[in-house]
4 protein chains.
Amino acid sequence: MGATSTKQSAIFSASLVLFAERGFDATTIPMIAEGANVGAGTIYRYFKNKESLVNELFQKYVKEFLVCIEKGLLVHRKDFREGFHHIFRGMIQFTVENPRALRFIKTHSQGAFLDEKSLKEYEKLVDLVCDFFREGQQEGAIRTLHVNALIAILFGSFMEVHSLVESQHIILSKELLDELEESLWAAIKQC
Amino acid sequence: MGATSTKQSAIFSASLVLFAERGFDATTIPMIAEGANVGAGTIYRYFKNKESLVNELFQKYVKEFLVCIEKGLLVHRKDFREGFHHIFRGMIQFTVENPRALRFIKTHSQGAFLDEKSLKEYEKLVDLVCDFFREGQQEGAIRTLHVNALIAILFGSFMEVHSLVESQHIILSKELLDELEESLWAAIKQC
Amino acid sequence: MGATSTKQSAIFSASLVLFAERGFDATTIPMIAEGANVGAGTIYRYFKNKESLVNELFQKYVKEFLVCIEKGLLVHRKDFREGFHHIFRGMIQFTVENPRALRFIKTHSQGAFLDEKSLKEYEKLVDLVCDFFREGQQEGAIRTLHVNALIAILFGSFMEVHSLVESQHIILSKELLDELEESLWAAIKQC
Amino acid sequence: MGATSTKQSAIFSASLVLFAERGFDATTIPMIAEGANVGAGTIYRYFKNKESLVNELFQKYVKEFLVCIEKGLLVHRKDFREGFHHIFRGMIQFTVENPRALRFIKTHSQGAFLDEKSLKEYEKLVDLVCDFFREGQQEGAIRTLHVNALIAILFGSFMEVHSLVESQHIILSKELLDELEESLWAAIKQC
DNA sequence: GATGAATGAGACTTCATTCAT
DNA sequence: GATGAATGAAGTCTCATTCAT
């Protein structure tokens with residue numbers, strides 16, 4: 001909890017903003033150093049190299065995303081509509097608590113620079129929701145589309161809407177969230 | 001059909017594959033040259049520079065995408081379910097006819113390298129579907145979500161599923177397409 | 001007297017020699033880097049780009065040239081023969097103190113890469129001598145040739161002789177200088 | 001006297017203009033080709049390469065310059081003032097008949113691309129005037145400066161004034177020429 | 001003979017990374 | 001531990017030269 005973690009988190013913060021806005025390749029180490037108010041060399045005390053930094057950042061936020069979704073799921077398992085509500089609200093909570101993180105995750109989840117650990121962590125996130133959907137399908141509550149497709153619909157839609165909110169093409173409101181949840185549930189539920 | 005168009009289209013093809021797979025920044029001119037079986041210098045006979053290349057490629061495919069969607073829409077306008085069917089099938093047709101193009105469009109549509117013409121062309125695409133949705137909302141056939149959100153749901157989902165097909169996480173089949181269409185229509189329609 | 005000024009002046013020195021000998025276009029950054037014993041990238045820590053380097057170098061030496069000529073002029077203004085003597089000796093002093101600088105200035109003073117500041121600085125140099133000549137003409141001490149032509153004679157001759165000295169076609173001696181001064185004065189003075 | 005010599009002289013003309021205005025390095029083969037209204041490849045039918053072209057051009061104009069000066073000299077040898085007059089008028093004639101040639105010769109006479117033949121031809125030019133000056137010195141008509149220095153004064157001044165005329169800083173007139181001749185003779189003659 | 005499309009060597013420049021301070 | 005000056009590999013782009021047409 002000393003000066004060390006302060007510097008590291010400053011580097012994390014600056015990286016998140018820059019990676020989310022400009023992408024991995026277009027972000028330079030000096031940019032991050034300036035954003036974090038540290039020397040360029042200092043970054044290399046905390047991270048082996050630029051790839052290492054992006055991977056640690058990616059894993060950090062994927063984990064936090066996972067926690068946000070997991071939290072609500074554990075409680076209400078029987079009712080799938082309720083379960084979906086918790087997943088959806090967990091996603092919202094994550095984007096609110098970690099402003100640039102979702103865009104960062106989305107735009108970097110296919111990057112060639114991701115190492116095995118990052119990919120595995122990302123898969124965990126997907127698997128969690130997969131399991132939920134699969135169970136719902138067995139109970140006849142959820143559409144019999146390929147579970148990966150269902151996840152694609154859920155995440156793809158959500159992230160795209162999130163982009164619009166961030167770029168201020170859409171204004172976030174309670175109504176929007178409720179309608180969006182309803183729309184996505186309609187896409188997912190067995191009719 | 002002389003050597004000219006052959007070289008240029010070889011450069012286009014190689015660029016499309018590389019940009020779609022690795023992104024603009026991570027793709028180098030030598031990579032494109034090798035993929036197109038031309039010398040690096042040749043690329044500069046056909047395109048002013050790397051940015052010019054990505055913009056021309058972007059406009060080309062956005063235009064073709066537009067054509068695919070427009071085609072069906074013009075016929076069946078009254079029935080929105082039918083209209084949606086044509087949009088959806090147009091999207092499918094485009095992805096089948098232009099294997100990497102949709103992923104390229106999606107991953108580059110926010111790039112800082114896009115010039116005004118590219119942005120305008122992309123906007124046309126969005127506007128076309130916007131208009132369709134807006135009309136449907138006035139007729140009470142389509143959900144009253146913000147039209148941009150509806151588009152985000154449609155395109156976001158579709159592209160994400162498309163990614164899964166391309167990465168062979170999902171196998172494309174008539175059933176999948178039918179169910180996906182049904183699911184997305186459920187997300188969009190007024191219930 | 002830190003490492004900073006050492007590197008920068010090494011780059012300046014190497015540039016001066018190379019630009020003077022080969023010209024701006026035929027001098028490459030790697031050549032300069034090798035001459036200055038620095039990495040090629042280091043040059044870009046001190047100068048924005050190659051043009052910036054040549055402009056800073058040009059301004060530096062034109063300023064020093066100006067100082068050399070100005071110094072003597074300020075004292076003896078009434079006697080034009082004496083004034084000319086000081087201009088001439090100032091030119092000599094400059095070429096002795098800054099071995100390659102005069103040739104560099106001469107061969108680059110018409111370069112398309114010169115920016116406004118460089119041109120203005122060069123003009124100052126010309127104007128100083130112009131004023132001296134104009135005054136001399138009004139007093140009937142100096143030939144009524146166009147002042148620009150007088151300057152052309154003075155500088156053109158001087159630089160050409162300087163070239164011969166540098167290329168060791170002529171050996172520099174007190175006699176040579178005295179005779180040269182006499183010859184140029186004869187060209188300039190009203191007879 | 002067919003199409004061949006037409007093309008070659010078109011290439012020569014275009015090269016002269018471009019080399020004189022932009023210099024050897026800043027002039028590209030495509031520029032010359034466009035200026036000469038020939039294909040780029042055609043240039044290589046008439047000249048081995050770019051260096052060969054500049055050397056042939058240089059030799060051609062140095063030779064013509066030599067002829068211009070030689071012509072008048074052969075007649076009046078005893079009177080050095082008269083001899084100088086012919087040299088000077090020969091120089092004028094050359095610049096009038098070959099608009100860009102003198103500037104081309106001057107700005108390229110130190111180029112690293114000049115081959116032995118070019119250097120030898122240039123030396124001939126210098127030697128011709130050298131001999132004249134040396135003879136004049138022996139007769140006590142010409143200043144006892146190093147002959148190379150005398151040539152430097154003559155050519156250096158002349159070329160510099162010529163530059164001013166070309167750049168329209170000075171307007172060419174009979175008076176200017178007469179005064180200039182007088183001034184240069186004053187610089188050269190034994191007083 | 002004439003052309004200009006094609007090429008690749010080499011120029012300028014950037015930036016991840018190191019290391020002396 | 002922190003820094004940022006220094007570096008050189010690698011990227012973009014130009015252009016002299018070749019060669020199939």
Side-chain angles (χ1 to χ4, degrees), chain A residues 2-4 7-8 24-34 36-53, chain B residues 2-4 6-8 10-11 25-33 36-53, chain C residues 2-4 6-8 10-11 25-33 36-53, chain D residues 2-4 6-8 11 24-34 36-53:
Chain A
T4 297
K7 297 245 180 211
Q8 195 189 41
F24 177 74
D25 289 305
T27 300
T28 70
I29 293 288
M31 280 178 197
I32 296 172
E34 194 191 335
N37 261 315
V38 299
T42 304
I43 292 172
Y44 289 84
R45 291 218 142 270
Y46 294 96
F47 304 95
K48 188 169 171 288
N49 54 31
K50 197 185 171 192
E51 288 210 354
S52 189
L53 167 57
Chain B
T4 296
T6 296
K7 295 259 175 199
Q8 195 189 40
I11 295 167
D25 288 310
T27 299
T28 71
I29 293 289
M31 280 177 198
I32 296 172
N37 260 314
V38 298
T42 302
I43 292 172
Y44 291 87
R45 288 197 65 74
Y46 292 95
F47 304 96
K48 191 172 171 289
N49 52 32
K50 199 185 167 189
E51 286 209 357
S52 191
L53 166 57
Chain C
T4 295
T6 297
K7 295 261 175 197
Q8 196 189 39
I11 295 167
D25 288 313
T27 300
T28 70
I29 293 289
M31 281 177 195
I32 296 171
N37 259 314
V38 299
T42 303
I43 292 172
Y44 291 86
R45 288 197 65 73
Y46 292 96
F47 304 95
K48 189 171 171 289
N49 53 32
K50 198 184 169 191
E51 286 209 358
S52 191
L53 167 57
Chain D
T4 296
T6 295
K7 297 247 178 206
Q8 195 188 41
I11 295 167
F24 176 73
D25 289 306
T27 300
T28 69
I29 294 288
M31 280 178 198
I32 296 172
E34 193 189 337
N37 261 316
V38 298
T42 304
I43 292 172
Y44 289 85
R45 293 220 141 268
Y46 294 96
F47 304 95
K48 187 170 170 288
N49 52 31
K50 197 183 170 192
E51 288 209 356
S52 189
L53 166 58

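The chains referred to below are lettered A, B, ... by the order of the sequence lines, with proteins before strands, and numbering in each begins at 1.
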J.: With rounding to the nearest 0.5 angstrom, report the CG to CG distance, D:Leu53 to D:Asn49.
T.: 9.0 Å
J.: Rounded to the Å, how far apart are A:Phe47 CZ and F:dA2 C1'?
T.: 15 Å
J.: What nucleotide among F:dG1, E:dA2, F:dA16 has an atom nearest to a side-chain atom of D:Ile29?
T.: F:dA16
J.: Rounding to an integer number of Å, can you tell me how far A:Glu34 CD sits from F:dT3 P?
T.: 14 Å
J.: Nearest to the side chain of B:Asn49, which nucleotide is it out of E:dT14, E:dA16, F:dC13?
T.: F:dC13
J.: Is the shortest side-chain N/O distance from C:Tyr44 to OP1 or OP2 of E:dT14 below 4.0 Å?
T.: no
J.: I need the CD-P distance between A:Gln8 and F:dG1, as an integer number of Å.
T.: 12 Å
J.: Could you work out which one of F:dT7, F:dT12, E:dA6 sits closest to the side chain of B:Lys50?
T.: F:dT12
J.: Answer yes or no: is there a donor N or O on one side and an acceptor on the other, between the side chain of D:Lys7 and the main chain of D:Ala36, under 3.5 Å?
T.: no
J.: Out of curiosity, C:Asn37 CG to C:Thr6 OG1, how far, rounded to the nearest 0.5 Å?
T.: 12.5 Å
J.: Using heavy atoms to find the nearest nucleotide of DNA chain E for A:Glu51 and C:Ala40 separately, return the residue whose nucleotide is more 5′.
T.: C:Ala40
J.: Using only side-chain N and O atoms of D:Thr28, determine if any of them is under 4.0 Å from OP1 or OP2 of F:dC15.
T.: no
J.: On DNA chain F, check which nucleotide each of C:Arg45 and B:Gly41 is closest to and give me the residue with the more 5' one.
T.: C:Arg45
J.: Quick one: D:Met31 CE to E:dG4 P, roughly how many Å, whole number?
T.: 18 Å
J.: Minimum heavy-atom separation for A:Phe24 and A:Lys50, please, with both atom names.
T.: O-NZ, 3.0 Å
J.: Pairs counted only when both distances fall under 3.5 Å, Watson-Crick or G-U: show me the 5' to 3' dot-bracket for DNA chain F, [ ] for pseudoknotted crossings and | for other-strand partners.
T.: .||||||||||||||||||||
J.: Below 4.5 Å, heavy atoms only, C-beta onward: do C:Ile29 and C:Tyr44 meet side chain to side chain?
T.: yes
J.: Quickly work out the D:Ile32 CD1 to E:dG4 C1' distance and round it to whole Å.
T.: 16 Å
J.: From the list F:dA6, E:dT7, E:dC12, which nucleotide is the closest neighbour of the side chain of C:Pro30?
T.: E:dC12
J.: Minimum heavy-atom separation for D:Gly39 to D:Ala33, with atom names?
T.: C-CB, 4.0 Å
J.: Please report, rounded to the nearest Å, how far the C1' atom of E:dA16 is from the CZ atom of A:Phe24.
T.: 10 Å
J.: From F:dT7, E:dA6, F:dA6, pick the nucleotide closest to the side chain of B:Tyr46?
T.: E:dA6
J.: How close or far is atom P of E:dT3 from atom CD1 of D:Ile43, stated in whole angstroms?
T.: 10 Å
J.: Given that B:Asp25 and C:Gly39 both sit by DNA chain F, which one's nearest nucleotide is further toward the 5' end?
T.: C:Gly39
J.: Report yes if at least one side-chain N or O of A:Lys48 is closer than 4.0 Å to OP1 or OP2 of E:dA16; otherwise report no.
T.: no
J.: Atom CZ in B:Arg45, atom CD1 in B:Ile11: separation rounded to 0.5 Å?
T.: 10.5 Å
J.: For C:Thr27, answer base if it contacts any base atom (sugar-phosphate contacts may also be present), sugar-phosphate if it contacts only those atoms, and nothing otherwise; contact means non-hydrogen atoms under 4.0 Å.
T.: sugar-phosphate
J.: In this structure, how many angstroms lie between the C1' atom of E:dT7 and the NZ atom of B:Lys7, rounded?
T.: 9 Å
J.: Out of F:dA6, E:dT7, E:dT3, which nucleotide sits closest to the side chain of D:Thr42?
T.: E:dT3
